[in-house]
Each structure stands twice: as structure tokens, then as C-alpha cells.
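Quick notes on the structure that follows.
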Amino acid sequence: QVQLVESGGGSVRPGGSLRLSCAASGFDLYDYAVGWFRQAPGKEREGVSCIHASGSSTEYADSVKGRFTISRDNAKNTVSLQMNSLKPEDAGIYYCAAERTRFYCSTYPFGYEHWGQGAQVTISS
């Protein structure tokens with residue numbers, strides 16, 4: 001069964017950190033670009049970060065640059081998102097997604113073939 005599963009969500013105070021993981025099963029992430037997206041209540045899904053299949057290139061939304069870091073471990077078939085200095089506006093459901101391409105990665109949610117079920121991130125003092 002092909003699936004992506006996010007883990008590591010939770011509730012933290014502003015300024016805190018969380019590390020999200022995205023684990024693939026049923027397929028090999030090696031040939032896939034992976035993106036992280038989030039959706040807050042009443043808002044559209046937005047791209048947070050993405051990483052090239054090789055790991056050689058990454059992109060970040062301006063709102064998270066310098067605070068979030070995306071990485072991948074193809075041997076473990078996982079992609080992680082380290083989130084530091086979290087702000088209330090970072091709250092939402094975080095999704096990882098995979099697109100089979102070795103040429104680019106995108107923070108737009110179009111073209112991604114596989115999506116996880118989402119992980120809740122709550123920022124509250």
C-alpha cells in the first residue's frame with residue numbers, strides 16, 4: 001500500500017520547536033521530490049518547503065526562511081521538517097506530499113501524486 005505518514009506534530013509555545021517527519025511506505029522516495037504544506041482553519045493550503053529528490057536543492061516560503069529546515073534520508077525513506085522559533089501563525093495541519101521527478105521541487109500543491117493524512121501543529125501560550 002502506497003502511503004505517506006506524517007508524525008511529530010503537537011502543541012508548543014511561541015518560540016518553541018517541533019520536528020515533523022514524513023515516512024513513505026509502498027514506494028521508494030528516492031525518485032520523488034517532497035514538499036511540506038500547511039493549512040490553517042479558513043485558509044487555503046500553502047506551500048512551506050520542498051526538497052529535490054537528490055536533496056541537493058531546497059525551497060522555502062518567505063514566512064519560514066531562516067526558521068525551518070527541510071532534509072531527507074533516502075536510506076530511511078523519510079523527509080523531515082525542523083521548525084524552530086515557531087509563531088502563532090505557523091499553526092495548522094501540516095501535510096507532506098511526493099511527486100515523482102528528479103528535476104525540480106515545488107512549493108505549489110499541484111502535481112503531487114501522494115499526500116499524507118496531515119499532522120496538527122498548535123502554537124499556544
What pairs with [X] under side-chain hydrogen bond (donor to acceptor under 3.5 Å, both in side chains), at least two apart in sequence or on another chain?
{"X": "Y95", "result": "none"}
{"X": "S56", "result": "S54"}
{"X": "S17", "result": "N84"}
{"X": "R19", "result": "Q82"}

Keeping to residues at least two apart or across chains, list the ring-ring contact (aromatic ring centres under 6.0 Å, His included) pairs with something in residues 49-72. none
Is there a continuous path of hydrophobic side-chain contacts, each under 4.5 Å between heavy atoms, that joins [X] to [Y]?
{"X": "L29", "Y": "F37", "answer": "no"}
{"X": "V79", "Y": "Y94", "answer": "yes"}
{"X": "Y112", "Y": "I93", "answer": "yes"}

With a 4.5 Å heavy-atom cut-off, do [X] and [Y] have their side chains touching?
{"X": "D90", "Y": "R38", "value": "yes"}
{"X": "V12", "Y": "M83", "value": "no"}
{"X": "L20", "Y": "V121", "value": "yes"}

Any residue meeting side chain to side chain contact (heavy atoms under 4.5 Å, CB included) with [X], in chain and number order, not counting sequence neighbours:
{"X": "A40", "result": "K43"}
{"X": "S85", "result": "R67"}
{"X": "D28", "result": "Y30, N77"}
{"X": "T101", "result": "A33, E99, F103, Y104"}

Would you name the heavy atoms of [X] and [Y] that are closest together and state the gap between them?
{"X": "L86", "Y": "I123", "result": "CB-CD1, 3.8 Å"}
{"X": "A24", "Y": "L4", "result": "CB-CD2, 3.6 Å"}
{"X": "A91", "Y": "T122", "result": "CB-CA, 4.5 Å"}
{"X": "S21", "Y": "S80", "result": "OG-OG, 3.6 Å"}

For [X], look at atom [atom1] and say whether over 12 heavy atoms of other residues, nucleotides or ligands are found less than 6.0 Å away.
{"X": "R102", "atom1": "CZ", "result": "yes"}
{"X": "R45", "atom1": "CZ", "result": "yes"}
{"X": "E44", "atom1": "CD", "result": "no"}

Within the side chain of E6, is there an N or O that forms a donor-acceptor pair under 3.5 Å with the backbone of Q117? yes
Under a 3.5 Å distance rule, please check whether S49 uses its side chain to pair with a backbone N or O of E59 as donor and acceptor. yes
Not counting sequence neighbours, which residues clear ring-ring contact (aromatic ring centres under 6.0 Å, His included) with F27? List them please. Y32, H114
For F110, what are the other residues in its hydrophobic cluster, where any two members join if their side-chain heavy atoms are less than 4.5 angstrom apart? Y108
Which residue pairs pass the disulfide bond (SG atoms under 2.5 Å apart) test when at least one of the two sits in residues 94-125, sequence neighbours left out? C22-C96, C50-C105
